[in-house]
Undergrad: 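Structure provided below as structure tokens; questions to follow.
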Amino acid sequence: MTKFSDLKLDPKVLKAVEDAGYETPTPIQAGAIPPALEGRDVLGIAQTGTGKTASFTLPMISLLKRGRARARMPRSLVLAPTRELAAQVAENFDTYAKHTKLTKALLIGGVSFGEQDKLIDRGVDVLIATPGRLLDHFERGKLLLTGVQIMVVDEADRMLDMGFIPDIERIFQLTPFTRQTLFFSATMAPEIERITNTFLSNPEKIEVARAATTGENITQGVLMFKPSRRDRAATEKRDMLRRLIEREGEACTNAIIFCNRKVDVDVVAKSLKKHGYNAEPIHGDLDQSQRMRTLAGFRDGSIKFLIASDVAARGLDIPAVSHVFNYDVPSHAEDYVHRIGRTGRAGRSGVALMICAPVDEKNLADIERLVQNQIPRLDALEGTATPAAEEAEETAESKPSRSRSRSRSRSRSNSEEPAAEAPEPQEAEAPRSEEKSSSRRSGRGRRDGGDRDRGGNTPTGLGDHLPDFIARSFDDRQETPEAG
DNA sequence: AAAAAAC
């Protein structure tokens with residue numbers, strides 16, 4: 001098996017890798033590092049959780065090690081779609097460049113220009129940026145991209161979703177034609193393929209499945225929510241969320257709760273706090289320093305519940321999240337996969353539970369079509385969606401830690417250590433004749449498939465590695481106009 | 001209809 005020491009990395013980089021405790025590269029690293037070190041363009045098709053970041057930072061540092069930066073002319077450029085992701089790359093760079101003298105600057109919005117300007121003026125080897133802020137610097141005449149030898153585009157498919165592709169094209173055109181390009185995307189949408197055809201030169205293509213997971217070890221469930229009265233819907237939904245959390249009991253060590261709208265992120269966070277939960281919001285309207293603080297707190301465990309918009313749905317490397325709660329059904333089906341992918345990482349088991357209001361049912365259907373499976377319906381939670389809910393808001397429920405273990409202990413036992421048994425074909429649950437949910441299955445039945453009829457070789461759950469829509473490479477995309 | 005990202 002390949003070791004990092006076989007990869008011809010610079011000795012100082014190798015040392016830093018060893019310091020960090022790594023010996024064996026992940027598949028994307030083993031695939032991307034050698035061609036990158038040879039100066040070739042790389043097209044990496046991989047998601048977060050695959051070790052993607054190191055697959056470009058390690059060769060970059062090795063290649064840049066000799067040579068010096070000139071003022072205002074960075075020697076390399078990394079582009080990421082969100083500020084947090086850019087910051088994450090910067091941390092990664094610090095880790096692996098610690099034995100070198102390479103310098104870096106992080107150019108993201110939401111912070112003042114002053115410090116960034118100073119660094120650029122002095123000259124940096126590596127510039128890590130979100131596209132908007134980078135172009136802003138460029139337009140102010142503070143920055144020359146003609147010295148860029150290596151350019152990295154990370155999470156290109158998300159850049160596409162966010163409308164950054166024109167910016168990316170522009171930035172490409174500002175850099176020398178002779179640069180080396182390392183380009184990463186989780187999927188190969190036609191637009192992405194067009195970009196790679198235009199700006200990459202005979203790239204080495206490396207495609208890897210997601211690391212060890214995508215649902216195989218994620219227990220999913222959806223709770224159909226019907227408010228008793230229109231004007232109580234919001235209150236009752238928050239109440240339902242708390243019950244959902246409580247029912248998971250101690251198995252829920254930390255969780256991300258996704259909402260579709262920023263206002264709801266704020267409202268839900270405030271409500272949870274009021275009820276004694278250790279919760280903080282994160283979304284794009286909060287100022288950057290707070291976003292950073294919150295994320296750091298969530299990572300180090302001082303914050304237990306992160307209430308998030310889709311700013312946190314992809315890419316952020318938050319290890320060991322036991323639960324993901326979808327307070328809203330995401331309106332883009334792919335976002336569901338990204339959101340629940342925040343749990344069950346690195347081979348751990350995870351639980352992903354979602355609340356579905358009547359208006360969300362169409363979106364739920366879209367998701368189920370996408371993942372080609374039905375998400376198990378959870379039994380209605382006792383006492384919810386009834387007029388009693390509003391009292392609950394004020395009284396008894398305010399003690400989240402209170403044990404209400406009756407239904408929980410059982411449900412737990414099902415999902416507690418699925419990791420060990422996950423590899424099994426798993427059908428203990430019997431063929432199950434489709435239909436309405438609220439049978440006695442406590443809902444936590446793992447994606448028990450049961451829909452072999454839904455098309456030839458239907459994957460069960462999200463499949464062994466990753467969903468079909470993600471796995472599909474661009475060749476397929478071009479030739480298969482979407483069977484259904 | 002919303003989120004992200006530039007001021």
Side-chain angles (χ1 to χ4, degrees), chain A residues 48 77-90 105-117 120 127-143 145 153-171 174 185-186 189 191 233-234 256-269 281-292 294-295 306-316 326-339 341-342 354 356-364 366-367:
Chain A
T48 13
L77 179 59
V78 180
L79 294 171
T82 67
R83 299 170 185 174
E84 277 75 11
L85 280 169
Q88 206 167 277
V89 171
L106 175 63
L107 304 189
I108 58 176
V111 296
S112 70
F113 283 90
E115 192 63 23
Q116 298 177 359
D117 280 342
I120 296 171
L127 208 53
I128 301 159
T130 46
R133 183 52 77 97
L134 180 85
L135 286 171
D136 207 338
H137 277 280
F138 180 80
E139 281 157 10
R140 289 161 68 248
K142 295 287 187 185
L143 187 59
L145 295 177
V153 179
D154 197 10
E155 306 261 338
D157 53 332
R158 189 157 184 216
M159 302 250 197
L160 175 66
D161 292 347
M162 290 169 61
F164 284 163
I165 292 299
D167 288 347
I168 297 298
E169 290 189 72
R170 176 149 176 246
I171 295 166
L174 297 173
S185 183
E191 184 68 0
I256 306 179
I257 299 165
F258 284 105
C259 303
N260 287 1
R261 279 169 290 266
K262 288 180 279 195
V263 283
D264 290 326
V265 169
D266 285 330
V267 170
V268 170
I282 189 167
H283 60 67
D285 280 356
L286 298 172
D287 75 56
Q288 191 57 29
S289 63
Q290 180 170 356
R291 282 164 66 171
M292 297 290 200
T294 298
L295 203 53
L306 185 70
I307 328 303
S309 68
D310 279 316
V311 70
R314 302 194 205 178
L316 288 193
N326 277 302
Y327 183 78
D328 296 307
V329 177
S331 46
H332 284 321
E334 312 87 54
D335 286 337
Y336 177 76
V337 179
H338 290 292
R339 287 182 180 186
R342 302 297 92 201
M354 180 157 70
C356 178
V359 292
D360 294 325
E361 281 172 28
K362 185 183 166 304
N363 287 331
L364 176 61
D366 288 346
I367 290 169

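By convention in this document, chain letters (A, B, ...) are assigned in the order of the sequence lines, proteins followed by strands, and residues within each chain are numbered from 1.
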Undergrad: Can you give one letter per nucleotide of nucleotides 1-7 of chain B, 5' to 3': B if a protein heavy atom sits under 4.0 Å from the base, S if only from the sugar-phosphate, - if neither?
TA: BBSBBBS
Undergrad: Find out whether A/Thr294 and A/Leu306 are in side-chain contact, i.e. whether some heavy atom of one side chain is under 4.5 Å from a heavy atom of the other.
TA: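 Side-chain contact under 4.5 Å: yes.
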Undergrad: Are A/Phe113 and A/Arg133 close enough that some pair of their side-chain heavy atoms sits under 4.5 Å apart?
TA: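 SC-SC contact between A/Phe113 and A/Arg133 confirmed.
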Undergrad: Less than 4.0 angstrom from a charged side-chain N to a carboxylate O is my criterion; do A/Lys362 and A/Asp366 meet it?
TA: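 Looking at A/Asp366 together with A/Lys362, the answer is yes, because their closest N to O distance falls below 4.0 Å.
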Undergrad: Holding to salt bridge (Lys or Arg N to Asp or Glu O under 4.0 Å), I want the full list of residues that pass it with A/Lys142, two or more places apart in sequence or in another chain.
TA: none
Undergrad: With A/Ala80, which residues qualify under side chain to side chain contact (heavy atoms under 4.5 Å, CB included), at least two apart?
TA: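 Here the qualifying residues are A/Leu85, A/Ala86.
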